[in-house]
Structure formats: C-alpha cells, structure tokens
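Chain letters run A, B, ... following the sequence lines, proteins first and then strands; every chain starts at 1.
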Protein chains: 4
Amino acid sequence: MSASPRTRPVASPPVRSLRRDAAQNRVRLLKAAEEVFAKSGLSASVDEVARVAGVGMGTLYRRFPTKDALIRELVVDLTKQILGIARQAQEVPDGAGLESFLFATADLMAANRGCLARLWDSRDADDVKDECRTVIAGLLADAKAHGRFRPEAEIGDIDLLFWSLRGVLRATQGLSASGSRRHIAVMIAGWRPSPDPLPEPPLSPEQTERIRRGSPSS
Amino acid sequence: MSASPRTRPVASPPVRSLRRDAAQNRVRLLKAAEEVFAKSGLSASVDEVARVAGVGMGTLYRRFPTKDALIRELVVDLTKQILGIARQAQEVPDGAGLESFLFATADLMAANRGCLARLWDSRDADDVKDECRTVIAGLLADAKAHGRFRPEAEIGDIDLLFWSLRGVLRATQGLSASGSRRHIAVMIAGWRPSPDPLPEPPLSPEQTERIRRGSPSS
Amino acid sequence: MSASPRTRPVASPPVRSLRRDAAQNRVRLLKAAEEVFAKSGLSASVDEVARVAGVGMGTLYRRFPTKDALIRELVVDLTKQILGIARQAQEVPDGAGLESFLFATADLMAANRGCLARLWDSRDADDVKDECRTVIAGLLADAKAHGRFRPEAEIGDIDLLFWSLRGVLRATQGLSASGSRRHIAVMIAGWRPSPDPLPEPPLSPEQTERIRRGSPSS
Amino acid sequence: MSASPRTRPVASPPVRSLRRDAAQNRVRLLKAAEEVFAKSGLSASVDEVARVAGVGMGTLYRRFPTKDALIRELVVDLTKQILGIARQAQEVPDGAGLESFLFATADLMAANRGCLARLWDSRDADDVKDECRTVIAGLLADAKAHGRFRPEAEIGDIDLLFWSLRGVLRATQGLSASGSRRHIAVMIAGWRPSPDPLPEPPLSPEQTERIRRGSPSS
DNA sequence: AATGAATGAGTGTTCATTCAT
DNA sequence: TATGAATGAACACTCATTCAT
C-alpha cells in the first residue's frame, strides 16, 4: 500500500489507469455481478447488480457499456485464471498435468458459476481461449505420451468434457464442488487407455470450431 | 394396425373434425415451441412460438394456460418417452440395458433440446420421473451385477451423468447427436469396473434430492 | 298459458317471432348475464355468460351482436318493468303512489343488480325511459298536491334519488334489499314538506338531461 | 411562511433538485390518474395515465409498483383529507358539525371522483378510515344530542349516506358539485327528528362491516 | 465522476369478436 | 343453426439503456 518500488509511476502513459475509486467500483461491480448471476442466472437485472455493488446505474454503465460487456468481462477474467492454471499444470510431471488442470478448473468454476453459461460458446476473450487451448493440447499430448489418456483423445474431447462439466455445475448450483470433482474423476477414468475402443468417433474440428465461435446464446 | 374393417376410409370428411383442427394446432404449437426453445432458449417469447406455429396468440393460450404450462407439456412428453425407453431397456440381456438406455436417451434428447433446461430440475411430471428413476435404478443394479458398472456407482451418479449430458447437448445445439454419443461412451468407459477407485465420493442422496426437487431456474 | 284470447295469433307477421329454442336461448342468456354481471360486474367476460347460460359463444353473438347489446337488453327489460311498476303506482290513492313506486323499484333493482351501472346514464331504451319519466312526473305532482312531498321537488330530484339508490345497491351487493329500503325511507322523509327550506337549488333540467343522454361509461 | 432568512433565494439552482423532479412527477401522475379515472373509470389503462401525466410508463412504475398501488394512493390521500375535514367539523358548535362535514366532504369528493369506487369498499387506509369513523360517530352523537338528527340514526346510516353520495357523484360526472349538495341537503332533512318513525330498520353492524371489509370490486 | 430517475420497446396474458365446422 | 376454436389488439408490468442533475 505504501509507495513501494512495485508501484507503477503515476505518470505512466500507455494505459491510462483508472482513478483509484473508479477501479474500486469496477472490482465491486464485477464481484457483485458474479454473485448475482451465480444466484439468479444471467437473466438477473442490472439494477440488482448495481444495488449489490452499492453503486448507481450510471456508474455501472460508465464502466461497462452494456450488460453484455459486463458479462464478457467476467468471462475474460475467468478465462485468464484458467489459462494460469493450465500453465501451472505444465509443471506437473509424469503426464498428470491435464488431470490436475481439470480438477483445479472444476474447483475454480464451482467458485465462479456466474458466467459459466457464456464461458465456452461465445467469442469473448478469443485470444486468451486460443492460448488456453494450445496449452491444453500440450497437456493432452503429454498425458497420452505417458499412457494416462487413450491415444484416441483429441482436443475436441476436452471441449466435450468442459461442456459436460458446465452442465454438472449448473445443476449443482448452491452445492459444493464435490459433484463436479466426482464427474471429472469418472471422465478421467473413461479416458484411461483401455482394450475396449470408444464406439463413437470424435467431433470433427469443424464442428467444434462452429460451437466455439458461435454467437452467445440466451 | 392392419387395415381392419374398423378403419375409417381416408376420404370421409364430415365426421366431426372440429377437434381434429384443435389437436393439430396443439401439436403444431408443441413442435414450434420445441423448435423455438431449442434455438433461442426458454426465454424466447410466446409470440415467436405462436408465429412459428402459424397461429394467433389466443390459440396458444387456449391450448396452454401459461407459457410455463407449455414448457411443462414438453417436459412431460419427453419424460414419458424416456420412461418408455427405460422400460424397453429392461429387456436387454447381460446387464447392457443401462448402456443402451443411455445412448437412446441421448439421441432422444438431442432431438428435443428445447426443454432440457427444465427436464431435471423442475417438479414437472414428478410421478413419471420417480418411476423412471426406479427403472433406472434397476438397470444400474443389473449392470453392476453383470460387472459392467463399478460397484461404487449409485443412482445419484446417473443424475450427474444426465446433468453433464445436458451440458453437452446445450453446447452442441444445431449439431448432430454425435457429440453426446461420444460423451456417453466415455462416461460408460469411466464407470467400467477398474482397479483404480474413484478418488471422489458420490453426492449424498440428500444433495441429489435437493437438486431434483429444486424450483425451476431461469 | 292456455290459448287465451290475449294470446297473439301464431301467424301474426309484423314481428317475425323467433323459433321456440332460439327464444329459450335468448332468455337463458339474459338470465345468465344478469347473474354473472350481478356477481362480477359488467367487466365479466362474455365467455362466462355463455358458459353459465350453457350455450356456445356463437349462439350468444347470434342473439346479441355485441356485449353492449346484451347489456342494453338487460337495461331495456329492467326499464320496462320499472315502467310497469310506475303505472301500477298511478292507482295508489292519496298521493302515496310515488312512495310505493320508490320502494317497489328499490326492491326490483335489488333483485336485478347486474345492469344497474348502465341503467340511468346511457341512451338505451330512451323511449321507455321518457315514458317512465312522464309517469313519474305525474306521481310527483300527485304527491306534492297531497302534501306528501315538498313543493320544491322537481323531476330532476327523482333522478338524484335514483342515482343515490344505485350507489347504495352497488355497495350492498350480496346483501338483502333492507339497506336500499332504509335509504328510500330517509329520502322520502327528507322530501316531506318542512318549514326549513332546502339550502341547495335543484339541478337545472339541462344538467339532468346532459347526464341522462350521456354516453355509456365503463 | 414569511421571507425568513432561512428561505433559500429563488435563483439558487445547484442544490440537489433530483428529488424535486421525482416529486413533481409523482404529483403529476396522481393528478393525471385522478383526471383519467374520473373520466373513464378505474379500468382506464395505465398507458393513458402516463400519457396524460407526460411521463413514460417506467416512471409511473418507478413511483407506484402496481396500478393498484396508484389507485390506493389516491384513496389514501382522499381519506386523509376527509379525516381532516371531520376533525375541523368537531369545532363546529351546536351539533352542526356533522352537517358541515357532510357538505364539505361532498365538495371534496366532487373534486376527486377518480377513486371514489375504491373509497369505501376496499381495505386501503383502513387505519385512517377507522379513525375517521370514530370522529364521525362523535359528530353523529353530538348532532343527536342537539336534536339535529333522529335518535334512530346509527353510524351505519352514515355509510349508507356515503354510498348514496357516491352514486350521485358517479352519475353527475363532469358537472359541478351542486347535485351532490342538494342530495346531502335532502338526506339531512330526512334525518331531522320527526314524529314519523322510519319504517325500515338499520343495517346490522355485521352487514356494514362485511361491506366495509369487502375486497375491491371491479 | 456519480447518481438514480426517465425512457419505451418488449413480455406474458386476456377477451370481445369472428368464422370454420 | 349451434358450436367453440381462432384471432389479435390491448393490458399491466419489466428492464436494458440514457440522461438530467
């Protein structure tokens, strides 16, 4: 809090930093949005968000031009955290990175249910998601190389896995993350190498892409 | 089913077809609702449903007293079909009934995405769902007895599986059922008996019940 | 009920008589309308009226071109009955005709509350009402001549009295006619000749007329 | 009230007049509602009220959560004014308070016809109405004690009187208050002590209560 | 910069009236 | 002719967004 060496010099020009209270309001609004959307879904009113944040409507709309932009910001934040987790998982040895990534992400999502509905099927934070995807692809390759995942597993299967996880999290709203952890555990078991091949082919990359690039639904 | 003498000749018109029109409209409305809700979610407007069905607002409200009742009807119809599938699955030998039930249900749900959001977390058609659950519990016991499912599997895990399936179906809107079939295949593989125990405990029956009896969310 | 001399010959052409069942439906509808409107006000739906009458909507609209016409018919019927009472009151001796007319009319209205809201301020049955007014004017003159009513009483004061009576009947819906009878009694007492003149002038005939000819309100 | 030092100079604008606008709109809405309901009845649409007030629908609903609440506010306002009049009437000597109360109330109601339909048969402002009733009972007792009202007069008869007054006011919409004043004058004359007893008994308190506590009708 | 009042298009629903059967 | 299903304009009310203060 003191003027430590880390503090960015006041005059730094490239990103015009928000004034202290403005930034505070921004954070407050994001927290309130997460809370409100987690409780009542994305159809909750912006008035409710502003009320919980303790700011006026005008302030909300000064920080975020539309309700959609507010949600998008939640999505971007969450995506960035997931990317962080994925990168940490790269350090895990013996091809177990993917698994630890999945469990950690499930826990993170359980604590950030507000914007899950928009997490994987909107064009928000596409660059971050692309990077995330690259890292995950590496984790998957590593897992397969170490014999922890079936060789048939493709990156699109991780999409499937996340979509299914979202379904579990949506249903277990208000409960602990144990449901989603159990779900992840079963899915990982399903992806372990096995003499029985999967009877169903994977989604084609085109299909997956169409979904990932899809417009945000209601 | 055969052309029995009782079958009225196709061309006879003047019999009392008033009801037939009404029934036609009913079906048209349900189809339109399924289509519209599948595309735009349950928050789609009833005007849109009526427009797609090609009828006036009043007709919709003559058949279904509220928008909710319309959705409920979709849910009830689908639940009944699922129960039918479950019963057929009871005939499948060697403990494979559960698996064929899961694949068939995934296909059915893929063709009826409109009301999935209400399928498992509303109190609609509770009696049918309860019966469904009983049949499924039998299928699961059978599968476990034949060594096709882990002994740790509980009925609540089937809930988890359906919630995850809903997530996949929601994400793959507009696509074929292949994604959901692949997901089911992986999950079944995950439930196959294995020396590695699942690291996570199941949801308690109380938790599952709380979700199943929950109020319809947005 | 027998073919008495008074019975109009069946073949009489000038008014084409409705077929028996049609006339029955007409009566049933009027009774149902009276009942429904008395219970729920004139804003009750025509569906309800048809339902209570036990006929279809089409039948209702065949007999009465609009809801308004149905109400008007109730008004006309009631007005005719009031005219009948007024004429009978002409036979009462000693200037007491007006008073007996008022009590009798109050009772009649209490039993026909359905259309009271339209009774005195619409243009329905204007000819009958005009005749009614003439007879009442005679009763009033008679009452004044016999010293039973103040000489200051004018025909417009009878309008006032009926309007006030309607207010009482509206308020005492569901109760007996005793409230309205008491009200009439007090008003008659107020109109008895007295040394104290009324401090307020009567409504001008123009004002009264404007109300009587007013458009039907909601 | 005088130009005290505290009075802020008229021209000072920047003080915090947000609330002033809101209050202005509130008053404008109440005036518009009164006007619209007086002209078209309580079934007039809220759009019409908003239009006449010159504000958007949202503003109306910001001030009053439902149409009913708007009407209720009119009722409450009017009831409070009536209570004020009743209290002033307590100062009138010689038992004439009730009469001056009745005339003043008739004038007030004539200027506030919009919500009369709800004034006496809803549970709005019940506490104010109860107090009003107590004061009126005192006025009536005083009038009887001074020989200005028949001893048979009961508080329920004042209800009757007000119901009848409402009928007159409803009918004389668009006219001056002279009709209602004349009506009050006649009723007061009718309640003057007289050797002729009223031929009808009063409403029982139970009956009156049932009406006063009745649900709002259409 | 912050506030919260104002806006108005949109929602679910009703109901007088029409019309196919 | 009788039926009741179909119609659609109208209603009460909501909410994302704008704007005066």
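- The CG-P distance, from A:L29 to E:dA1, rounds to 15 Å in whole Å.
- Checked against E:dT17, F:dG4, E:dA1, the side chain of C:T66 finds its nearest nucleotide in E:dT17.
- Searching all strands for a Watson-Crick or G-U wobble partner of E:dT21 with both distances below 3.5 Å returns F:dA2.
- Atom CZ in B:R51 sits about 17 Å away from atom C1' in F:dT7, given to the nearest Å.
- Going from atom CD of A:E48 over to atom C1' of E:dG4 covers 16 Å, rounded to whole Å.
- In this structure, the side chain of B:E73 does not engage the main chain of B:F64 through any donor-acceptor pair within 3.5 Å.
- As a whole-Å value, the separation of A:F64 CZ from F:dT18 P is 16 Å.
- Set against F:dA16, E:dA5, F:dC11, the side chain of D:S45 has F:dC11 as its closest nucleotide.
- Mapping D:G56 and B:G58 onto DNA chain E by nearest heavy atom places D:G56 at the nucleotide closer to the 5' end.
- Among F:dC13, F:dT17, E:dA16, the nucleotide with an atom closest to any side-chain atom of C:D47 is E:dA16.
- Considering only side-chain N and O atoms, D:Y61 lies under 4.0 angstrom from the phosphate OP1 or OP2 of F:dC13.
- Within 4.0 Å of B:R63, counting heavy atoms only, lie sugar-phosphate atoms of the nucleic acid but no base atom.
- Within the shown strands, E:dA9 is the pairing partner of F:dT14 under the Watson-Crick or G-U definition, both distances less than 3.5 Å.
- Listed nucleotides F:dT17, F:dA2, E:dA2 differ in distance to C:N25; the shortest reach to its side chain belongs to F:dA2.
- Counting to the nearest Å, the C1' atom of F:dT21 and the CD atom of D:Q24 are 13 Å from each other.
- The two atoms that bring C:V49 and C:L70 nearest to each other are CG1-CD2, 4.1 Å, heavy atoms only.
- For D:K31 (side chain) and D:R26 (main-chain N/O), no donor-acceptor pair under 3.5 Å exists by modelled atom type.
- Projected onto DNA chain F by closest heavy-atom contact, A:P65 and D:K67 fall at different nucleotides, the more 5' of which corresponds to D:K67.
- B:D47 has its side chain within reach of B:M57: a pair of non-hydrogen atoms, C-beta onward, lies under 4.5 Å apart.
- In this entry the distance linking CG of B:L70 with P of E:dT11 reads 16 Å, nearest Å.
- The shortest side-chain heavy-atom distance between B:Q173 and B:R113 falls under the 4.5 Å cut-off.
- A:T59 comes within 4.0 angstrom of a nucleotide base, judged by non-hydrogen atoms across all strands.
- Within the structure, every side-chain polar atom (N or O) of D:R62 is placed at least 4.0 Å from both OP1 and OP2 of E:dG4.
- Looking at D:S122 and D:D124, their side chains do bring a donor and an acceptor atom within 3.5 Å of each other.
- Contact annotation for D:V55: backbone-only contact, meaning every heavy-atom pair under 4.0 Å involves sugar-phosphate atoms and none involves a base.
- Per the geometry, CG belonging to B:L60 stands 9 Å off P belonging to E:dT13, to the nearest Å.
- Distances from the side chain of A:M57 to the nucleotides E:dT17, E:dA5, F:dA12 place E:dA5 closest.
- Counting non-hydrogen atoms under 4.0 angstrom, D:A69 reaches nothing in the nucleic acid.
- Set against F:dC15, E:dT13, F:dC13, the side chain of B:V46 has E:dT13 as its closest nucleotide.
- Across all strands shown, nothing is found opposite E:dA1 as a Watson-Crick or G-U wobble partner with both distances under 3.5 Å.
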